[in-house]
Engineer: 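I have a structure here, written as C-alpha cells, and I will follow up with some questions on it.
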Number of protein chains: 2
Amino acid sequence: MRILIVEDEKGISNFLKDGLEEESFAVDLAPDGNKGLELSAVNDYDLVLLDWMIPGISGIEVCRQIRKSNSSIPIIFLTAKDTVSDIVFGLEAGANDYIKKPFKFEELLARIRVQLRTKEGEQNILKLGKVEMNLETHQVISNLKEVALTQKEFSLLEYLIRNKGKVCTRTRIIEHVWDMHFDSDTSVIDVYINFLRKKLDDGSGRSFIHTIRGSGYVAREE
Amino acid sequence: MRILIVEDEKGISNFLKDGLEEESFAVDLAPDGNKGLELSAVNDYDLVLLDWMIPGISGIEVCRQIRKSNSSIPIIFLTAKDTVSDIVFGLEAGANDYIKKPFKFEELLARIRVQLRTKEGEQNILKLGKVEMNLETHQVISNLKEVALTQKEFSLLEYLIRNKGKVCTRTRIIEHVWDMHFDSDTSVIDVYINFLRKKLDDGSGRSFIHTIRGSGYVAREE
DNA sequence: AAGAATCTTAAAATTTCCTTAAAAGAACCG
DNA sequence: CGGTTCTTTTAAGGAAATTTTAAGATTCTT
C-alpha cells in the first residue's frame, strides 16, 4: 500500500516514513504543497498524510485540489491546532480524518488502517482461501502452517489479496509495492511471485496466484 | 471487594471496619476463630485479615483450616510478635503477607491492595516461556535462575512480553521504551536486544526474541 | 517452430542486523 | 566535590538476510 506524506519538517517526515515502512507500506515524501500536488497527480496513492502548516500552498488548499481533481483517496491531516473550527474546516475541505500533533505513532497507524479498510468492514486480517495474513503481527498462515515472509514478499501478497479477483498489472504492482515511479525494465516481480508461490502453495501444483499473460497476476480462490 | 476480619479486640476491629468501609470494601467481623471459620466457609470473601492472638482456635489454626478447606484466598495476618520464626511460621501456614501491630492504616491498605491486585486482573507477574518477570519487585527469573536487569533492559523486556506474539517494530519500541517521538538514527535497540539475549537465553542458540528483518522483534514461546 | 513472455536458479549487490568496544552519562559513596 | 562503578549510548566492522540482477530453461501463443 502506497502512502504520500506531505510534510516540511524533515524530522517528522522521516520518522513517519521509517515507521510506516516497518509496517510494510511504500512511502513517498513531499516537502511542500506544490510537490505534494505534483506527486499525487502523477502517482496512484492509497492514502495521503497531509500537514496543515506547510510552505507554499497550504495543506487545506492541497486537500481541496486533490479532491477536486479526482479521487476518493483517503486523506488524513496532521494539525497542531485543534480548535473545533479548524477541524470542521479541514473535514469540509474533503479530509477523511485528522490527528493532533503531537501524536503517538500507533494512533496514527490505527487511523490509517481504518481508512484503508474496505467497505466490507474488514479488519487487520486479510484472507484468501487457505492463506491468512495478520497485518498487525505480520504473521502469515498458509495451509494451517505459519510461513515466514520478508517485507517485500509480505507487501506483494498484501497487495494481491487486497485486490483479489482483480488483475494486478505489473505496472501497478511496481508502483504500489516497490514505490517506483518510472518505467523500469526489471524482473523482480517474477522472482517475487515465484518466492510467494514456493512458500504459500500446497503441493497441488496449481497456485492461487494466477498468471495473466501479457499483463500481470491475479490472486483467486479455487 | 469483600473482606473478613478475624479479631477479638473490639477497638481494633471496629477501627478497621470503618476505615475499610470508607475505602468501599464490604467488611464482616468475626470475634474469634470459630466464628471466623464459619463465616469463611459460608461466604465468598476476597481477602481475610487474621489476628494471631484470638480466643478459641488460634489464628494460625484458622489459617491452616481455610487453606485446607478451599481456596487461594489472600490471607494477611496481624501479629504483635515479630520474631523471624513467628513470621516464617505464619507464612508456612499459608498466609500471603503479615503486618506488625501497631501499624498505620495506610500501610495495611497498601498490603491489601497488593493482594487484591492480581485478582482484579492487573497482573504484576508477566511470563513467557521460561522467563518470568515480577513488575513489583523488578526481579526477573530465566531458566530457574534470577537474572539482574538494568532499567532499560527491564522495560524493553516488559514491552516485548506484554506484546508477545505481536511484532514490535523499532518505531514502536523507541516510542514506548525510550519515549522518543521523533526521527532517530540509533542502534540502541540492537544493542539492548543483544543484552537481553545474552542474559536470558538458554544455551540452545535459539532466542525467544525473534528478529523480523526490516520491522523489529517478536517475543514468542517455542 | 519461432518469438515472446514467464519461470527458475544462482550469484551479485545492497540493506539490515549483530557484536564488540569504547565513550558519555548517571548514580553512588566516601 | 572527586573518584568509582554501573548504565546507557554511539560507532564501526563483519555477518547474515534480503533484494535485485542476470541468464538459461520453460511455457505459451501464433
Side-chain angles (χ1 to χ4, degrees), chain A residues 14 17-27 138 140 147-160 167-171 173-180 182-201 205-219, chain B residues 138 140 147-160 167-171 173-180 182-201 205-219:
Chain A
N14 283 329
K17 186 174 199 287
D18 289 351
L20 291 172
E21 281 174 350
E22 283 173 359
E23 307 283 343
S24 317
F25 291 100
V27 180
H138 267 230
V140 176
V147 180
L149 295 189
T150 69
Q151 289 262 99
K152 278 274 141 63
E153 290 167 352
F154 191 91
S155 15
L156 174 55
L157 180 63
E158 181 184 351
Y159 188 70
L160 288 171
V167 175
C168 302
T169 66
R170 286 162 173 277
T171 310
I173 291 175
I174 272 288
E175 277 192 5
H176 285 258
V177 179
W178 268 266
D179 197 20
M180 299 172 117
F182 39 85
D183 195 26
S184 72
D185 173 26
T186 169
S187 62
V188 250
I189 298 177
D190 307 54
V191 174
Y192 269 85
I193 292 285
N194 191 232
F195 286 164
L196 285 183
R197 284 173 173 164
K198 270 188 190 160
K199 289 189 176 180
L200 299 174
D201 289 338
R206 260 178 285 101
S207 175
F208 74 100
I209 303 175
H210 300 260
T211 303
I212 308 299
R213 210 145 220 274
S215 50
Y217 301 87
V218 206
Chain B
H138 250 238
V140 175
V147 179
L149 294 189
T150 68
Q151 289 279 106
K152 276 275 141 61
E153 290 167 351
F154 192 90
S155 37
L156 175 55
L157 181 63
E158 181 183 349
Y159 186 68
L160 288 172
V167 174
C168 303
T169 65
R170 285 161 176 277
T171 304
I173 292 174
I174 274 285
E175 274 203 353
H176 282 94
V177 180
W178 272 265
D179 201 24
M180 301 171 104
F182 41 83
D183 186 31
S184 70
D185 174 27
T186 169
S187 62
V188 249
I189 299 177
D190 309 52
V191 175
Y192 269 85
I193 291 285
N194 192 232
F195 287 163
L196 285 182
R197 282 174 173 164
K198 270 187 190 159
K199 289 189 176 179
L200 299 174
D201 288 338
R206 261 178 282 101
S207 176
F208 74 100
I209 303 175
H210 301 258
T211 100
I212 307 298
R213 234 154 204 266
S215 291
Y217 301 87
V218 205

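Just so it is clear: chains get the letters A, B, ... in the order the sequence lines come, proteins before strands, and each one is counted from 1. Values below: every heavy atom of this structure, side chains too, minus hydrogens, waters and symmetry copies. The shown structure was predicted, so the numbers you read here are calculated from the model rather than taken from an experiment.
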Engineer: Going by side-chain contact (heavy atoms from CB on, under 4.5 Å), B:I173 matches just one of B:V177, B:T169, B:T171. Which one?
Structural biologist: B:V177
Engineer: Check whether any side-chain nitrogen or oxygen of B:T150 sits under 4.0 Å from OP1 or OP2 of D:dC6, and answer yes or no.
Structural biologist: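 Looking at the OP1 and OP2 atoms of D:dC6, neither is under 4.0 Å from any side-chain N or O of B:T150.
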Engineer: Of the listed nucleotides (D:dA12, D:dA16, D:dT21), which one gets closest to any side-chain atom of B:R213?
Structural biologist: D:dA16
Engineer: Atom CD1 of B:I193 and atom P of C:dC17: how far apart are they, to the nearest Å?
Structural biologist: 11 Å
Engineer: B:F154 CZ to D:dT8 P: how many Å, rounded?
Structural biologist: 13 Å
Engineer: Could you go through A:N14 and B:D185, starting from their C-alpha distance and side-chain angles, then the distance that decides it, and tell me whether this counts as side chain to side chain contact (heavy atoms under 4.5 Å, CB included)?
Structural biologist: CA-CA 10 Å; A:N14 283 329; B:D185 174 27; over 6 Å; no
Engineer: Is any side-chain nitrogen or oxygen of A:R170 closer than 4.0 Å to OP1 or OP2 of C:dT6?
Structural biologist: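 Indeed, a polar side-chain atom of A:R170 lies that close.
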Engineer: Can you check the A:E22 CD to D:dT18 C1' distance for me, whole Å?
Structural biologist: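 My rounded result for the distance is 16 Å.
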Engineer: Can you list everything that forms a salt bridge (Lys or Arg N to Asp or Glu O under 4.0 Å) with A:E153? Sequence neighbours excluded, please.
Structural biologist: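 A:E153 satisfies salt bridge (Lys or Arg N to Asp or Glu O under 4.0 Å) with A:K199 once adjacent residues are dropped.
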Engineer: Answer yes or no: does a side-chain N or O of A:W178 lie under 4.0 Å from OP1 or OP2 of D:dT19?
Structural biologist: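 False: A:W178 side-chain N/O out of range (4.0 Å or more) of D:dT19 OP1/OP2.
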Engineer: Rounded to the nearest angstrom, tell me the gap between atom CG in A:D190 and atom C1' in D:dT21.
Structural biologist: 12 Å
Engineer: May I have the step-by-step check of side chain to side chain contact (heavy atoms under 4.5 Å, CB included) for A:V27 and A:D18, ending in yes or no?
Structural biologist: CA-CA 9 Å; A:V27 180; A:D18 289 351; over 6 Å; no
Engineer: Hey, which of these two, B:Y192 or A:Q151, hits DNA chain D nearer its 5' end, going by closest nucleotide?
Structural biologist: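 Result of the comparison: B:Y192.
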Engineer: Does C:dC18 have OP1 or OP2 under 4.0 Å away from a side-chain N or O of B:Y217?
Structural biologist: yes
Engineer: Just the rounded figure in Å: distance from C1' of D:dT18 to CG of A:L156.
Structural biologist: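 Checked: the CG to C1' distance equals 15 Å.
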Engineer: When you check the side-chain N and O atoms of A:R197 and A:T211, is any donor under 3.5 Å from an acceptor?
Structural biologist: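 A donor-acceptor contact under 3.5 Å links the two side chains.
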Engineer: In this structure, how many angstroms lie between the C1' atom of C:dC17 and the CG atom of B:D185, rounded?
Structural biologist: 14 Å
Engineer: How long is the line joining CZ of A:F195 and P of D:dT18, in whole Å?
Structural biologist: 10 Å
Engineer: For the helix from C:dA1-D:dT30 to C:dG30-D:dC1, what is the angle between the axes at its two ends, each from 5 pairs, rounded to 10°?
Structural biologist: 30°
Engineer: Could you tell me the separation between the CG atom of A:D18 and the P atom of C:dT16, rounded to a whole number of Å?
Structural biologist: 9 Å
Engineer: Report the residues that fulfil side chain to side chain donor-acceptor pair (under 3.5 Å) with A:K17, sequence neighbours left out, ordered by chain and then residue number.
Structural biologist: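 Once residues adjacent in sequence are excluded, the partners of A:K17 under the side chain to side chain donor-acceptor pair (under 3.5 Å) criterion are A:E21.
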Engineer: Please determine whether a side-chain nitrogen or oxygen atom of B:K198 lies at a distance below 4.0 Å from atom OP1 or OP2 of C:dT19.
Structural biologist: no
Engineer: Does a side-chain N or O from A:R197 land closer than 4.0 Å to OP1 or OP2 of C:dC7, or not?
Structural biologist: yes
Engineer: Would B:I209 and B:D201 satisfy side chain to side chain contact (heavy atoms under 4.5 Å, CB included), going step by step from the backbone distance to the final call?
Structural biologist: CA-CA 9 Å; B:I209 303 175; B:D201 288 338; 5.7 Å; no
Engineer: Among D:dT21, C:dC7, D:dT10, which is the nearest nucleotide to the side chain of A:T211?
Structural biologist: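 For the A:T211 side chain, the nearest candidate turns out to be C:dC7.
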Engineer: Does a nitrogen or oxygen in the side chain of A:N194 sit under 4.0 Å from OP1 or OP2 of C:dC7?
Structural biologist: no
Engineer: Does A:R170 reach the side chain of A:V188, with side-chain heavy atoms less than 4.5 Å apart?
Structural biologist: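 Of all side-chain heavy-atom pairs linking A:V188 with A:R170, none is under 4.5 Å.
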Engineer: Of the candidate nucleotides D:dA17, D:dT9, C:dT19, which contains the atom at the shortest distance from the side chain of B:V188?
Structural biologist: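 Taking heavy atoms from C-beta onward, the closest nucleotide is D:dT9.
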Engineer: Among the candidates D:dA11, C:dC7, D:dT8, find the nucleotide nearest to the side-chain atoms of B:S187.
Structural biologist: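 The answer is D:dA11.
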Engineer: Select from A:V191 and A:I212 the residue whose nearest nucleotide in DNA chain C is closer to the 5' end of that strand.
Structural biologist: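 Nearest-nucleotide comparison on DNA chain C picks A:I212.
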Engineer: Is there a side-chain contact between A:T186 and the phosphate of D:dT21, meaning an N or O under 4.0 Å from OP1 or OP2?
Structural biologist: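 Checking D:dT21 against A:T186, a side-chain N or O does come within under 4.0 Å of OP1 or OP2.
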